[in-house]
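The block underneath contains the structure these notes are about, expressed in structure tokens.
What you are looking at is a predicted structure, and each value in this text was computed from that prediction instead of being measured. All ligand and atom numbering here is 1-based and tracks the order in the structure.
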Amino acid sequence: MNMIEQPRNFTTELAVIGSGIAGFAASVFAVNRKIATALAGNSGAVAYTTGYLDLLGRLDGIATAVTDPWEGLLHLRQTQPKHPLGRIAVADLRAGFDEFTSFLGSGGIAYSRAGDRNVTALTPAGTLKQTLCVPATMAAGPRAFAARAACVIVDFEGLKGFSSREVVANLGGRWPGLAAQRIGFPDMARGEVYPEVMARALEVPATRERLATALQGVAGPARVIGLPAILGVHRPDRVHADLERLTGLEIFEIPTMPPSVPGVRLRELLEQALPKRGVTLIPQQKVTGLGFDGDGATLDLRDSYGPIRIRARAVILATGRFLSGGLEAHPDRIAEPLLDLPVTQPAGRADWYRERYTDVRGHPLHRAGIEVDAESRPLGRDGRPCSERLFAAGVIVAHQDWIRSRSGAGIAIATAYQAVGAAERYLRGSSGGLAATPSLNRQVVVPGE
Ligand SMILES: Cc1cc2nc3c(=O)[nH]c(=O)nc-3n(C[C@H](O)[C@H](O)[C@H](O)COP(=O)(O)OP(=O)(O)OC[C@H]3O[C@@H](n4cnc5c(N)ncnc54)[C@H](O)[C@@H]3O)c2cc1C
């Protein structure tokens, strides 16, 4: 018998599609503005991130790294006027970073505040990069490097993808007091060990005590220890503080290769904190249909228990690029799969990449994306907003190569801040005020509900 499946229905003011940094930040900004919000996102690039929140670390045509990102933005405005970071006021950029990081801090992942200069931070291989905000668990690393303090980098038997000797080999020339040590992780001394498993194990006080003893044994005269990022998944600040207390040493984390614990932390914190603040969260699912009518937008998706339908008065599209499925590369063109929005892209496939992989100008494909107007509305083929209800945020927006410019989180946070501001103006204007008590099913949607 052919049964017609009835969708589970949700009604909201704002629907956010995509659970990367842009989608999460948009949801944070929306709940802070008391906009009833639903977030639907498939898993994506957020678990790959180092945990550093970059604003601007490199500029095209300039060999040296950007130490003052705010000055760098002035240059960007002049040389790349269409760049999304060039289209947002500096005050809004700072406000967006502050609002997002304070939300993370309240959930147990404290961040350094966006300062006037970039921080020189360590990468998993022991090279250096410029970033704007670092998690508190990593902050002692840049400080120790700046002071050239005696420091021991510790790795673990059986841990792949992070080597203290590699860090020292790459950084030791600029950091003379740096040394490498290897120890066994408590109760996991045999076979392969994994960062996420170690991180969860360190949430148990007894494991921390045993690790602290092992760290004291290899610290020597150094008062600073660098570890791969394994200091807990939930409330890493607490794990970090406790390990410092137990060892009497200053401890910092270095991001590991993706998928990394700092990315998993962000995802888990946001997935737990946002529903508590009233967001209807539909995790790990892909929106397959999106349509607009006079009264609102309809999003269709499904989970293992059947179809889900969300009705919203406005939508933020934050689906990322190729890795996350926000853009698709076809033999003949790059497409935006959900609405078939026009994508600004090189004229033909032969122009996607330059001849040399390491070409300093980067590859044209990496600047592909959708166009938005001043109110963050995606433009249709006629150059006009394709819906007054649709806004876009994150690296799906064209005219930026976030990998080269070291500006992934910066673009995500800044464009989310703008998009939520524009959506709020639309919602307040179009409805004569947001509903004071929206009739929402505020929850995490889990199978069977
Ligand atoms: C290896 C790696 C390292 C990184 N390191 C850093 C770093 O050190 N510093 C930094 O600032 N940034 C870093 N980033 C960048 C950062 O993690 C984000 O990728 C970037 O900020 C873009 O965010 P976004 O939200 O626009 O897109 P994404 O992070 O790509 O998120 C898009 C989301 O949309 C979802 N999605 C797509 N289509 C649909 C659909 N139809 N329905 C529902 N959901 C959908 C995806 O599953 C995904 O969750 C790194 C990224 C990678 C991959």
Side-chain angles (χ1 to χ4, degrees), residues 15-28 38-58 69 84-85 97 100-101 111 114 118-119 121-124 127-135 138 161 229 254-260 262-264 266-267 270-271 281-290 299-303 308 310 315-328 335-339 341 366 369-370 392-398 400-416 419:
V16 177
I17 307 176
S19 49
I21 293 179
F24 278 132
S27 304
V28 168
L39 169 62
N42 204 14
S43 60
V46 75
Y48 294 103
T49 185
T50 57
Y52 297 141
L53 300 180
D54 305 346
L55 174 57
L56 185 63
R58 283 267 167 197
L85 286 178
F97 264 88
F100 187 57
T101 53
Y111 267 81
N118 271 330
V119 176
L122 280 70
T123 73
T127 54
L128 298 170
K129 71 171 272 179
Q130 300 295 309
T131 189
L132 190 64
C133 299
V134 299
M138 300 185 183
I254 303 170
T256 57
M257 301 301 277
S260 70
V264 175
L266 288 176
R267 190 182 63 205
L270 289 160
E271 285 185 356
L281 175 68
I282 302 166
Q284 310 296 332
Q285 304 301 335
K286 204 157 189 171
V287 175
T288 50
L290 174 59
L299 290 76
D300 284 303
L301 60 160
R302 64 178 301 131
D303 61 15
I308 297 172
I310 302 172
V315 175
I316 292 181
L317 185 72
T319 48
R321 272 194 186 163
F322 303 101
L323 183 65
S324 295
L327 296 181
E328 284 179 358
E336 186 287 308
L338 202 50
L339 289 166
L341 293 169
H366 295 155
I370 61 173
V395 296
I396 192 174
V397 176
Q400 46 78 25
D401 180 350
W402 67 267
I403 301 172
R404 286 183 61 70
S405 57
R406 317 292 197 270
S407 51
I411 291 170
I413 295 168
T415 53

> Numbering the atoms of ligand 1 from 1, which are under 4.0 Å from a heavy atom of Gly20?
Replying inline: 25 (O), 29 (O), 31 (O), 33 (C), 49 (O)

>> Show me which atoms of ligand 1 lie under 4.0 Å from any heavy atom of Gly394.
In response: 26 (O)

>> How long is the straight-line distance from OG1 of Thr131 back to CG of Leu122, given to the nearest 0.5 Å?
In response: 12.0 Å

> What is the nearest protein non-hydrogen atom to atom 23 (O) of ligand 1, stated with its residue, atom name and distance?
Replying inline: Ala412 CB, 3.9 Å

> CG of Leu327 to CD1 of Ile370: how many Å apart, nearest 0.5 Å?
Replying inline: 8.0 Å

>> Under the rule for salt bridge (charged side-chain N to carboxylate O under 4.0 Å, His left out), what residues qualify as partners of Arg58, not counting sequence neighbours?
In response: none

>> Under 3.5 Å between any N/O of Ile21 and any N/O of ligand 1: does that happen in this structure?
In response: yes

> Of all the non-hydrogen atoms in the protein, which one sits nearest to atom 26 (O) of ligand 1, and at what distance?
Replying inline: Val395 N, 2.9 Å

> Can you name the closest pair of heavy atoms from Ser407 and Leu55 and give their distance?
Replying inline: CB-O, 2.8 Å

>> Determine whether a donor-acceptor pair (N or O, by modelled atom type, separation under 3.5 Å) exists between the side chain of Tyr52 and the backbone of Gln130.
In response: no

> Which part of Thr288 is near ligand 1, with near meaning a heavy atom under 4.0 Å away: side chain, backbone, both or neither?
Replying inline: neither

> Got an N/O contact under 3.5 Å between Gly410 and ligand 1?
Replying inline: no

> Got more than 12 heavy atoms from elsewhere within 6.0 Å of OH, Tyr48?
Replying inline: no

> Can you name the closest pair of heavy atoms from Lys286 and Ser324 and give their distance?
Replying inline: NZ-O, 4.4 Å

> Nearest to atom 49 (O) of ligand 1 by heavy atom, Leu39, Asn42, Val46, Leu338: which?
Replying inline: Asn42

> Any idea which heavy atoms bring Gly289 and Leu338 closest together, and the distance?
Replying inline: N-CD1, 4.2 Å

> What are the two closest non-hydrogen atoms of Asp54 and Arg406, and how far apart are they?
Replying inline: CB-O, 3.0 Å

> Does any N or O atom in Tyr48 lie less than 3.5 angstrom from one in ligand 1, N or O only?
Replying inline: no

>> Considering non-hydrogen atoms of the protein only, which is the closest contact for atom 25 (O) of ligand 1, and what is the distance?
In response: Ala22 N, 2.9 Å

>> Under 4.0 Å from a heavy atom of Gly41: which atoms of ligand 1 are those, numbered in the order shown and with their elements?
In response: 43 (C), 44 (N)

> If you measure from each heavy atom of Arg406 to ligand 1, is any distance below 4.0 Å?
Replying inline: no

> atom 29 (O) of ligand 1: which protein heavy atom is closest, and how many Å away?
Replying inline: Ala45 CB, 3.5 Å

> Shortest non-hydrogen contact from Ala25 to Ala416?
Replying inline: CB-CB, 4.0 Å

> Atom CZ of Arg267 and atom OG1 of Thr49: how far apart are they, to the nearest 0.5 Å?
Replying inline: 12.5 Å

> Can you list the ligand 1 atoms lying under 4.0 Å from a non-hydrogen atom of Leu323?
Replying inline: 53 (C)

> Under 4.0 angstrom from atom 13 (C) of ligand 1, is there any protein heavy atom?
Replying inline: yes

> Between the main-chain N or O of Val395 and the side-chain N or O of Gln400, is there a donor-acceptor pair closer than 3.5 Å?
Replying inline: yes

> Hey, are Ser260 and Thr256 close enough side-chain-wise for a donor-acceptor pair under 3.5 Å?
Replying inline: no

> Which protein non-hydrogen atom lies closest to atom 8 (O) of ligand 1, naming both residue and atom, and how far is it?
Replying inline: Thr50 OG1, 2.4 Å

> What part of Ser407, side chain, backbone, both or neither, has a heavy atom within less than 4.0 angstrom of ligand 1?
Replying inline: neither

>> Would Lys129 count as being in polar contact with ligand 1, using the rule that some N or O on each side must be under 3.5 angstrom apart?
In response: yes

> Counting each atom of ligand 1 from 1 as listed, which ones have a heavy atom of Gln285 under 4.0 Å away?
Replying inline: 43 (C)

> So which bit of Ser19 gets within less than 4.0 Å of ligand 1, heavy atoms only: side chain, backbone, both or neither?
Replying inline: both

>> As a quick check of understanding, evaluate side-chain contact (heavy atoms from CB on, under 4.5 Å) for Glu336 and Ile396, giving each step before the final call.
In response: CA-CA 9 Å; Glu336 186 287 308; Ile396 192 174; 4.2 Å; yes

>> I need the Leu270 CG to Phe24 CZ distance, nearest 0.5 Å.
In response: 5.0 Å

> Considering only heavy atoms, which of Gly18, Gly408, Gly289 lies nearest to atom 34 (O) of ligand 1?
Replying inline: Gly18

> Non-hydrogen atoms of Trp402 versus ligand 1: any pair closer than 4.0 Å?
Replying inline: yes

> So between Phe322, Phe24, Tyr52, whose heavy atom ends up nearest atom 10 (C) of ligand 1?
Replying inline: Tyr52

>> Among all protein heavy atoms in this structure, tell me which lies nearest to atom 40 (C) of ligand 1, with the distance rounded to 0.1 Å.
In response: Lys286 CG, 3.4 Å

> For atom 42 (N) of ligand 1, which protein heavy atom lies nearest, and how many Å away is it?
Replying inline: Val287 N, 2.8 Å

> What is the closest protein heavy atom to atom 28 (P) of ligand 1, and at what distance does it sit?
Replying inline: Ser324 OG, 3.6 Å

>> Heavy-atom distances under 4.0 Å decide this one: backbone, side chain, both or neither, for Ile411 against ligand 1?
In response: neither

> In ligand 1, which numbered atoms sit nearer than 4.0 Å to a non-hydrogen atom of Ala318?
Replying inline: 32 (C), 33 (C), 34 (O)

>> Tell me the closest heavy-atom pair linking Pro69 and Leu132, and the distance in Å.
In response: CG-CD1, 3.9 Å

> Does Gly18 offer a backbone N or O that forms a donor-acceptor pair with the side chain of Thr319 under 3.5 Å?
Replying inline: no

> Less than 3.5 Å between some nitrogen or oxygen of Ala409 and one of ligand 1, yes or no?
Replying inline: yes

>> Working to the nearest 0.5 angstrom, can you tell me the gap between Asp401 CG and His366 NE2?
In response: 6.5 Å

>> Is there a polar contact between ligand 1 and Gly326, counting only N or O atoms under 3.5 Å apart?
In response: no

> Quick one: which of Thr123, Thr415, Thr319 has a heavy atom closest to atom 32 (C) of ligand 1?
Replying inline: Thr319

